[in-house]
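Accompanying notes for the structure given below.
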Amino acid sequence: MSRVNEELKCLHDTKDVFVDMLSHDLMNPAGIIKGYSKFLSNKIDDPVMERSVRMIRKSNIKMIDLIESSLKYAKLESIEDIDFKMIDIISILKNVIEDLEPYSRKKSIDVSLIFKGECHAYANPMVDKVFVNYLSNAIKLVRKAPG
């Protein structure tokens, strides 16, 4: 094995160790948030607090999924290892709009989806991150309405 190949293998192995450590360090607090938010959800009578804890739980689940997916994709060796499946883009967009609603509301922005029905595409489930990125960037660019 040439010196360059050995260095590349060493870098690859180092990256794998780093990704494993990072995902482990992120999963610990995510697990704690999951446990406490589940505990809180059983103790709340106030509808506003209940909605807030539900959003925390939903976001935490997404964060855990993202950590797990990132770990999986960091270890991919080829494009053939990426999972694709038939997904409904409209339901993904609805979820993204709902998740970002607190941010759009702060800026007095009404984000709505006019399309009715379903729109299926063969894609990786992490495509929702693209929509989150686009919409959150658009919200950031809008100046808050006076009032």
Side-chain angles (χ1 to χ4, degrees), residues 8-147:
L8 285 174
K9 182 176 179 349
C10 182
L11 285 172
H12 186 310
D13 293 345
T14 302
K15 177 201 64 131
D16 285 347
V17 169
F18 173 76
V19 168
D20 287 340
M21 288 176 14
L22 183 61
S23 67
H24 174 70
D25 289 345
L26 291 172
M27 287 300 279
N28 283 335
I32 291 169
I33 292 168
K34 181 180 179 181
Y36 276 108
S37 62
K38 184 176 182 179
F39 171 77
L40 286 173
S41 69
N42 295 326
K43 304 284 182 193
I44 296 174
D45 294 330
D46 178 29
V48 174
M49 290 297 291
E50 183 181 340
R51 184 175 189 275
S52 297
V53 171
R54 189 171 54 247
M55 289 299 290
I56 290 170
R57 292 187 72 197
K58 185 177 175 183
S59 294
N60 184 248
I61 289 168
K62 285 185 177 192
M63 182 173 61
I64 290 170
D65 288 345
L66 181 60
I67 294 166
E68 290 172 346
S69 295
S70 297
L71 176 62
K72 178 180 173 184
Y73 291 118
K75 294 186 178 239
L76 286 178
E77 298 295 327
S78 71
I79 191 81
E80 288 81 27
D81 295 333
I82 297 176
D83 295 328
F84 287 90
K85 64 182 185 178
M86 197 59 77
I87 57 175
D88 178 23
I89 299 294
I90 300 305
S91 66
I92 289 173
L93 288 170
K94 286 178 182 177
N95 285 334
V96 168
I97 291 168
E98 180 184 328
D99 289 349
L100 295 176
E101 190 267 337
Y103 305 106
S104 60
R105 187 173 6 103
K106 262 186 195 172
K107 291 203 172 184
S108 302
I109 301 170
D110 180 31
V111 180
S112 57
L113 187 62
I114 297 171
F115 188 88
K116 304 289 183 205
E118 297 178 344
C119 179
H120 291 92
Y122 193 65
N124 183 279
M126 287 184 65
V127 73
D128 67 330
K129 309 306 180 267
V130 174
F131 296 123
V132 168
N133 187 37
Y134 284 149
L135 186 54
S136 65
N137 286 343
I139 291 168
K140 288 175 193 172
L141 291 173
V142 175
R143 294 182 187 208
K144 186 173 180 177

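This structure is a prediction, so every number in the text was calculated from the model and none was measured. Sequential numbering from 1 along the given sequence is applied to the chain's residues.
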Looking only at heavy atoms, the pair that brings I87 and A123 closest together is CD1-CB, 3.9 Å
CD (E118) and OG (S91) are apart, to the nearest 0.5 Å, by 7.5 Å
dist L40:CG -> I44:CD1 (nearest 0.5 Å) comes out at 5.5 Å
Per side chain to side chain contact (heavy atoms under 4.5 Å, CB included), M63 is matched among L66, I61, I67 by I67
Tell me if a side-chain donor or acceptor on N133 pairs with a main-chain N or O of K129 at a distance below 3.5 Å. no
Taken to the nearest 0.5 Å, the spacing of M126 CE from I92 CD1 works out to 11.5 Å
K34 NZ: over 12 foreign heavy atoms closer than 6.0 Å: no
Output for pair (M21 CE, S23 OG), nearest 0.5 Å, gives 10.0 Å
To the nearest 0.5 Å, atom CZ of R105 lies from atom CG of L100 at 12.0 Å
Take atom CZ in F39; do more than 12 heavy atoms of anything else shown fall under 6.0 Å from it?
no
#### Entry: Flag side-chain contact, heavy atom, 4.5 Å: H24 against N28
yes
Nearest heavy-atom approach of S37 to V53 is O-CG1, 3.4 Å
Report yes if the side chains of P125 and K85 come closer than 4.5 Å at any heavy-atom pair, otherwise no. yes
In terms of heavy-atom contacts, V111 and I97 come closest through O-CG2, 3.5 Å
Heavy-atom nearest pair, K107 first then K140, reads NZ-O, 3.0 Å
Rounding to 0.5 Å, atoms CG (D88) and NZ (K94) come to a distance of 7.5 Å
**Item:** Side-chain donor-acceptor contact under 3.5 Å, D99 with N95
**Value:** no
Using modelled atom types and a 3.5 Å cut-off, is there a donor and acceptor pairing between side-chain atoms of N60 and backbone atoms of A30?
yes
message = Less than 4.5 Å apart, side chain to side chain, heavy atoms only: is that true for L135 and F131?
response = no
Ion pair E101/K58, N-O distance below 4.0 Å
no
Minimal heavy-atom distance between A121 and I89, with the atoms involved, is CB-CG1, 3.9 Å
query = Is there a donor-acceptor pair closer than 3.5 Å between any side-chain N or O of S59 and the backbone N or O of I56?
reply = no
